[in-house]
Amino acid sequence: MKLTHIHGGIHPKDNKYAAADEIFKPKLTEEDVLYIPFIQHIGSIAIPVIKKSQQVVKGEMIAKAGEGISVPIHSPINGIVTYIGKIPHPTLGLVDGCIIEPTSDTEEYL
């Protein structure tokens, strides 16, 4: 049996134009706040290791992994923890989390 070569073929658009632009990093001001939920997936809730009014730096652990399947959570910005408790989550309603206000040395988010 002889294989035949097919010329042409289907060439759908890849629609990569949206990803071709530079990644947008929003600037944070001291009036902005960042809500960080302690639940990041279907596993256990992370346990906070910070206190209210504590200053945190970018990359510092703010919650350690809970039991079972869980992950530690680190601060994405330099700031001050202003609240620890129930915060709004886009799909889960109210969840345990914290609010961090950026300090003046925070230039960008992430």
Side-chain angles (χ1 to χ4, degrees):
M1 178 173 181
K2 182 180 176 185
L3 294 177
T4 60
H5 182 71
I6 300 173
H7 295 283
I10 299 173
H11 300 284
K13 291 183 180 182
D14 57 12
N15 293 324
K16 293 184 179 180
Y17 58 87
D21 293 336
E22 187 176 329
I23 295 174
F24 172 71
K25 290 188 175 184
K27 299 288 185 187
L28 292 178
T29 65
E30 292 188 32
E31 292 82 35
D32 296 323
V33 294
L34 188 63
Y35 290 77
I36 303 177
F38 292 148
I39 186 162
Q40 298 287 313
H41 49 72
I42 61 170
S44 301
I45 296 174
I47 302 161
V49 295
I50 51 173
K51 294 182 171 56
K52 186 177 176 187
S53 302
Q54 179 178 337
Q55 186 161 357
V56 294
V57 295
K58 182 177 179 177
E60 180 180 347
M61 187 186 329
I62 58 174
K64 66 181 180 178
E67 293 186 22
I69 299 173
S70 187
V71 294
I73 300 171
H74 299 82
S75 177
I77 60 171
N78 298 334
I80 298 173
V81 179
T82 58
Y83 176 78
I84 299 174
K86 298 289 185 184
I87 62 168
H89 188 277
T91 57
L92 300 176
L94 291 177
V95 297
D96 290 337
C98 70
I99 297 175
I100 299 178
E101 286 185 7
T103 54
S104 59
D105 59 342
T106 297
E107 295 178 10
E108 294 180 337
Y109 171 70
L110 300 173

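Across all their heavy atoms, C98 and I84 have their closest contact at CB-CG1, 4.1 Å. Residues I50 and I62 come closest through the heavy atom pair CG1-O, 3.6 Å. Between I36 and P76, the shortest heavy-atom contact is CD1-CD, 3.5 Å. Residues I100 and S75 approach most closely at CD1-OG, 3.8 Å, considering heavy atoms. Looking at every heavy atom in both residues, Q54 comes nearest to V49 through OE1-O, 4.4 Å. Scanning all heavy atoms of the two residues, the minimum distance from S44 to S70 falls at O-OG, 3.3 Å.
By the criterion of side-chain heavy atoms lying less than 4.5 angstrom apart, applied directly or through intervening Ile, Leu, Val, Met, Phe, Trp or Tyr residues, Y35 is not grouped with M61; the two fall into different hydrophobic clusters. Under a hydrophobic clustering in which Ile, Leu, Val, Met, Phe, Trp and Tyr are joined whenever their side-chain heavy atoms come within less than 4.5 Å, directly or via other members, I47 and V56 fall into different clusters. Criterion: ILVMFWY side-chain heavy atoms under 4.5 Å apart, direct or through other members. Under it, Y83 and I80 are not part of a common hydrophobic cluster. Hydrophobic clustering, with ILVMFWY side chains joined whenever heavy atoms are under 4.5 angstrom apart, keeps I99 apart from V57.
A distance of 9.5 Å separates CD of E60 from CG of N78, quoted to the nearest 0.5 Å. From T82, atom OG1 reaches atom CG of L34 across 10.0 Å, with rounding to the nearest 0.5 Å. The structure places OG1 of T103 at 5.5 Å from CD of Q55, a figure rounded to the nearest 0.5 Å.
For CG of L92, the number of neighbouring non-hydrogen atoms (other residues, nucleotides, ligands) closer than 6.0 Å is greater than 12.
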side-chain contact (heavy atoms from CB on, under 4.5 Å) assessment of F38 paired with V95: CA-CA 8 Å; F38 292 148; V95 297; over 6 Å; no
